[in-house]
Number of protein chains: 2
Amino acid sequence: MLSPRPAAGTLAIVPASSTARPRAARGRRTARPSGDDREAAILATAERLLAERPLSGISVDDLARGAGISRPTFYFYFSSKDAVLLTLLDRVVAEADAASAAAFARRPADARQGWRAMIDAYSATFRSHRSVTLAAAELRFSNADVRALWARVSEDWVAACAEAIEAERRRGAAPPGLPARDLAIVLNQLNERVLYGTFSGDGPAVAEDDVVDVLLDVWLSAIYRPAGAPTDR
Amino acid sequence: MLSPRPAAGTLAIVPASSTARPRAARGRRTARPSGDDREAAILATAERLLAERPLSGISVDDLARGAGISRPTFYFYFSSKDAVLLTLLDRVVAEADAASAAAFARRPADARQGWRAMIDAYSATFRSHRSVTLAAAELRFSNADVRALWARVSEDWVAACAEAIEAERRRGAAPPGLPARDLAIVLNQLNERVLYGTFSGDGPAVAEDDVVDVLLDVWLSAIYRPAGAPTDR
DNA sequence: GCGCGGGCTCAACACACTGTTGACCGAGCC
DNA sequence: GGCTCGGTCAACAGTGTGTTGAGCCCGCGC
């Protein structure tokens, strides 16, 4: 589900993504294990360090030393510090993608339960990779690859939500209202910001135990709000 | 209601804010005008450059040259690049604060018009200082002062909104539901993220002309949603 | 068993940027 | 006239990034 290199499935981005990897087609499979091990060691080091300080406080040297190699050697495996995070993020995103799709797919009798399952899956995944999530949120501003990856998955989620909203409207369960896509966009952005706030804990934030309930409440009222309530357009 | 700094003027934070300015009490008022002029020149240069590239792409040297001074001289006026942005942000925030407070204060007959005016004021202010807004969003992650400033104003806005929601509930216009504070938090975060998306334009985003309508719709349905709609708690 | 090629490694370098030091200039004040 | 003090900058020290070039080591063909 989330092994990173099948070059297919949810995450075909990685190869194309990072700004010109040095070793385009490396083909490293020469019985010497150290190559993959070191790559994995770098990734593991990154995740470990990220848990204790923000990405900006971690240098390439830290990553290299943590993985037991020198700085130039690091550059053999990754084109930059950012590329490491991109790989990590890619895995998390693929996991969230799979989890929320699964929750979405097995729509229960009550469609509203489906929304809950989806929000829950999404939230649980990012919570369980909190450090990567927070670092990615930070890096989004300065790194075009991260931005692009995030834009792509957001687009997928928005499209799926818009679709689901329209289905609910067609079957008469939800009233007409805002364009489904606009609604889907803002609800997704809502989740993004609220979960970020809860996980990072700075500024006013919703408690971790309540966050799914609160989000769900807003989603449901935005989607199913009876036509009686004025839109004020 | 939500003016944050009774301590004179709109922007009394600046002195206290930045991490230990070198010139604690400068008292520069010696008939030589250049001092203030230069400070203003730095600020103006920053805003100009920010319009064309992100903060991370601007060096202290760029700022100094733009203001016609050398790099060390820059440090006489500001303790760092970040401090410049903090000053800029502080002004924008004070403006947003004043505008939304004003909109809130002159509550019209229809309370819902009050919400619209508030969202509109908030949105218009940040739109008219787009570059500062976007830079601040970026810097929030790496700079504790910016984070603190933002947390403070968010707290004010959240408190004011929670207050208003409770007032609506008391007078029977809005049904009971989520804790007012939680609702206020997520609605504020919603605005923050959605406006950011619209102004920055990356990822799926709501069109600039529609954004206030869309936000308002979500706010109103979350606040006024008739009790009939299930909360699912 | 030997050399040869390529995956892999690192010391050393070139560069960009940050923040600081110390000397200096000129204007007003006594 | 000397003295202080706001203001200014050349030069330095430090920390980070990404690159280069020489070289190691291991498997493989001969």
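Throughout, a chain's letter reflects where its sequence line sits, starting with A, and its residues are numbered from 1.
Every residue meeting the side-chain contact (heavy atoms from CB on, under 4.5 Å) condition with B:Asn143, not counting sequence neighbours, appears here in chain and number order: B:Asp82, B:Leu139, B:Asp145, B:Val146. Partners of A:Val158 according to the side-chain contact (heavy atoms from CB on, under 4.5 Å) rule, which considers only residues two or more places apart in sequence or in another chain, are A:Arg181, A:Ala184, A:Ile185, A:Asn188, B:Pro204.
The distance from atom CG of B:Asp82 to atom C1' of C:dT18 is 11 Å, rounded to the nearest whole Å. D:dG7 atom P lies 16 Å from atom CZ of B:Phe74, rounded to whole Å. Atom P of nucleotide D:dC9 and atom CZ of B:Arg65 are separated by 11 Å, given to the nearest angstrom. Separating the CG atom of B:Asp61 from the C1' atom of D:dC9 is a distance of 12 Å, rounded to the nearest angstrom. Rounded to a whole Å, the CD1 atom of B:Ile58 is 12 Å from the P atom of C:dC17. Regarding A:Phe76, its CZ atom lies at a distance of 18 Å from the P atom of D:dG21, rounded to whole Å. Atom CG of B:Asp62 and atom C1' of C:dA16 are 12 Å apart (whole Å). Rounded to a whole Å, the OH atom of A:Tyr75 is 13 Å from the C1' atom of C:dC15.
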Considering only nitrogen or oxygen atoms on both sides, find all protein atoms under 3.5 Å from nucleotides 10-13 of chain C and state each distance.
| unit_1 | atom_1 | unit_2 | atom_2 | d |
| --- | --- | --- | --- | --- |
| C:dC10 | OP2 | A:Ser70 | N | 2.9 |
| C:dC10 | OP2 | A:Ser70 | OG | 3.0 |
| C:dC10 | OP2 | A:Thr73 | OG1 | 2.7 |
| C:dC10 | O5' | A:Ser70 | OG | 3.4 |

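A salt bridge links B:Arg140 to B:Glu192: one of the charged nitrogens lies within less than 4.0 Å of a carboxylate oxygen.
For B:Phe141 and A:Phe141, the distance between ring centers is under 6.0 angstrom.
A donor-acceptor pair shorter than 3.5 Å can be found between the side chains of A:Trp219 and A:Asn191.
Across D:dG16, D:dG18, C:dT18, the shortest atom-to-atom separation from the side chain of B:Lys81 is found for C:dT18.
Contact of the A:Asp62 side chain with the A:Thr45 side chain is not registered, since no non-hydrogen atoms from C-beta on lie closer than 4.5 Å.
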